[in-house]
Amino acid sequence: MIGTKDEIDTGKKVSEQFRKLFISYAQAINKQERRTGSLFQKNFKRKKVETQTQLTWLLYYIHRNPIHHGLDNQLDYRWSSYNALASQKMTYLDRESVHGWFGGRTAFINFHQQNKEIDIKKLQDELN
């Protein structure tokens with residue numbers, strides 16, 4: 001069941017209020033920072049991942065990105081999924097599926113360790 005007319009109307013009202021909130025927020029930030037245009041990033045790239053190999057290297061690229069940008073070590077970077085995937089602590093991630101792409105937990109960790117010297121720029125080109 002999709003919902004009653006009242007539930008649908010309420011949902012539309014809530015959505016409209018959030019839309020107005022985000023517009024007001026963007027306008028306030030733009031005024032404060034003396035800037036114009038969209039506050040949020042536009043036109044992000046996306047590409048269909050078609051092979052297991054692409055998926056493996058894409059995951060590696062994401063995990064190495066903090067190091068590439070000089071932010072942190074992938075083991076210490078708190079916003080990365082790497083620790084949750086490498087550890088045995090409770091997580092909501094489907095750790096077993098990811099490990100399966102690499103051939104197990106040990107292979108996942110080894111893959112990340114062995115490929116540390118890969119040029120991220122070259123990897124970006126290959127993924128694009």
Side-chain angles (χ1 to χ4, degrees):
M1 181 173 177
I2 295 175
T4 66
K5 184 179 181 324
D6 288 340
E7 289 172 335
I8 293 169
D9 289 342
T10 300
K12 287 180 181 179
K13 289 177 186 176
V14 169
S15 293
E16 178 64 16
Q17 292 304 312
F18 272 110
R19 186 184 74 80
K20 289 178 181 178
L21 170 72
F22 292 134
I23 289 171
S24 297
Y25 176 76
Q27 288 173 339
I29 296 296
N30 280 344
K31 183 176 180 181
Q32 174 185 316
E33 301 297 323
R34 295 186 177 130
R35 61 183 300 282
T36 60
S38 177
L39 181 61
F40 304 103
Q41 183 176 351
K42 292 182 182 178
N43 300 328
F44 65 91
K45 290 183 181 181
R46 57 191 172 269
K47 182 177 176 165
K48 185 176 182 179
V49 177
E50 298 185 26
T51 68
Q52 178 91 22
T53 301
Q54 283 180 315
L55 182 60
T56 300
W57 283 105
L58 183 60
L59 189 61
Y60 174 77
Y61 168 78
I62 291 167
H63 288 154
R64 286 292 294 171
N65 216 21
I67 299 165
H68 172 69
H69 291 287
L71 297 175
D72 225 328
N73 181 307
Q74 73 190 23
L75 297 173
D76 299 328
Y77 191 63
R78 67 185 249 183
W79 290 282
S80 173
S81 62
Y82 178 80
N83 280 330
L85 293 168
S87 76
Q88 295 178 332
K89 295 179 183 175
M90 200 289 275
T91 183
Y92 292 108
L93 298 175
D94 187 0
R95 184 185 290 139
E96 289 74 27
S97 291
V98 176
H99 290 170
W101 301 335
F102 290 85
R105 179 177 172 269
T106 302
F108 170 82
I109 294 169
N110 288 341
F111 184 88
H112 282 74
Q113 295 301 314
Q114 291 170 354
N115 292 296
K116 282 184 177 181
E117 302 305 317
I118 289 178
D119 180 14
I120 294 294
K121 296 264 188 225
K122 182 181 176 190
L123 186 53
Q124 280 176 322
D125 292 340
E126 289 177 20
L127 292 171
N128 288 328

Exercise for the section: Any pair with a residue in residues 95-110 that passes side-chain hydrogen bond (donor to acceptor under 3.5 Å, both in side chains), sequence neighbours left out, goes on the list, sorted by first then second residue, please. Expected result: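 Sorted pair list: D94-S97.
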Exercise for the section: Share the residues that join F22 in a hydrophobic cluster, the rule being Ile, Leu, Val, Met, Phe, Trp or Tyr side chains under 4.5 Å apart at the heavy-atom level. Expected result: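 Besides F22, the hydrophobic cluster comprises V14, F18, L21, listed by chain and residue number.
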Exercise for the section: Any chance you could pull the hydrophobic cluster mates of Y92, using side-chain heavy atoms under 4.5 angstrom and chaining through other members? Expected result: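 Taking Ile, Leu, Val, Met, Phe, Trp and Tyr as members, Y92 shares its hydrophobic cluster with M90.
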Gap separating the [atom1] atom of [X] from the [atom2] atom of [Y], nearest 0.5 angstrom:
| X | Y | atom1 | atom2 | result |
| --- | --- | --- | --- | --- |
| L59 | L55 | CG | CG | 6.5 Å |
| Q27 | I29 | CD | CD1 | 11.5 Å |
| Y82 | R64 | OH | CZ | 10.0 Å |
| L58 | T51 | CG | OG1 | 10.0 Å |

Practice task
Would you please classify the geometry between the H112 ring and the F108 ring as parallel, tilted or perpendicular, with 30° and 60° separating the classes?
Solution key: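 Ring orientation of F108 relative to H112: tilted.
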Practice task
Could you list the residues that satisfy side-chain hydrogen bond (donor to acceptor under 3.5 Å, both in side chains) with S81, not counting sequence neighbours?
Solution key: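 Partners of S81 by the side-chain hydrogen bond (donor to acceptor under 3.5 Å, both in side chains) criterion, ordered by chain and then number, come out as H63.
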Practice task
Flag yes if more than 12 heavy atoms outside Q32 fall under 6.0 Å of its CD atom; otherwise flag no.
Solution key: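 For Q32, atom CD is crowded (more than 12 foreign heavy atoms under 6.0 Å).
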Practice task
Only pairs at least two apart or in different chains count here, so list each salt bridge (Lys or Arg N to Asp or Glu O under 4.0 Å) that has a residue in residues 17-34.
Solution key: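 Only E16-R19 qualify under salt bridge (Lys or Arg N to Asp or Glu O under 4.0 Å).
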Practice task
State yes or no: do Y60 and I62 share one hydrophobic cluster built from I, L, V, M, F, W and Y residues joined by side-chain heavy-atom distances below 4.5 Å, directly or via other members?
Solution key: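 Yes; I62 is reachable from Y60 via cluster members.
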Problem - All side chain to side chain contact (heavy atoms under 4.5 Å, CB included) counterparts of A28, not counting sequence neighbours - result: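 In terms of side chain to side chain contact (heavy atoms under 4.5 Å, CB included), with neighbours along the sequence ignored, A28 is linked to no residue.
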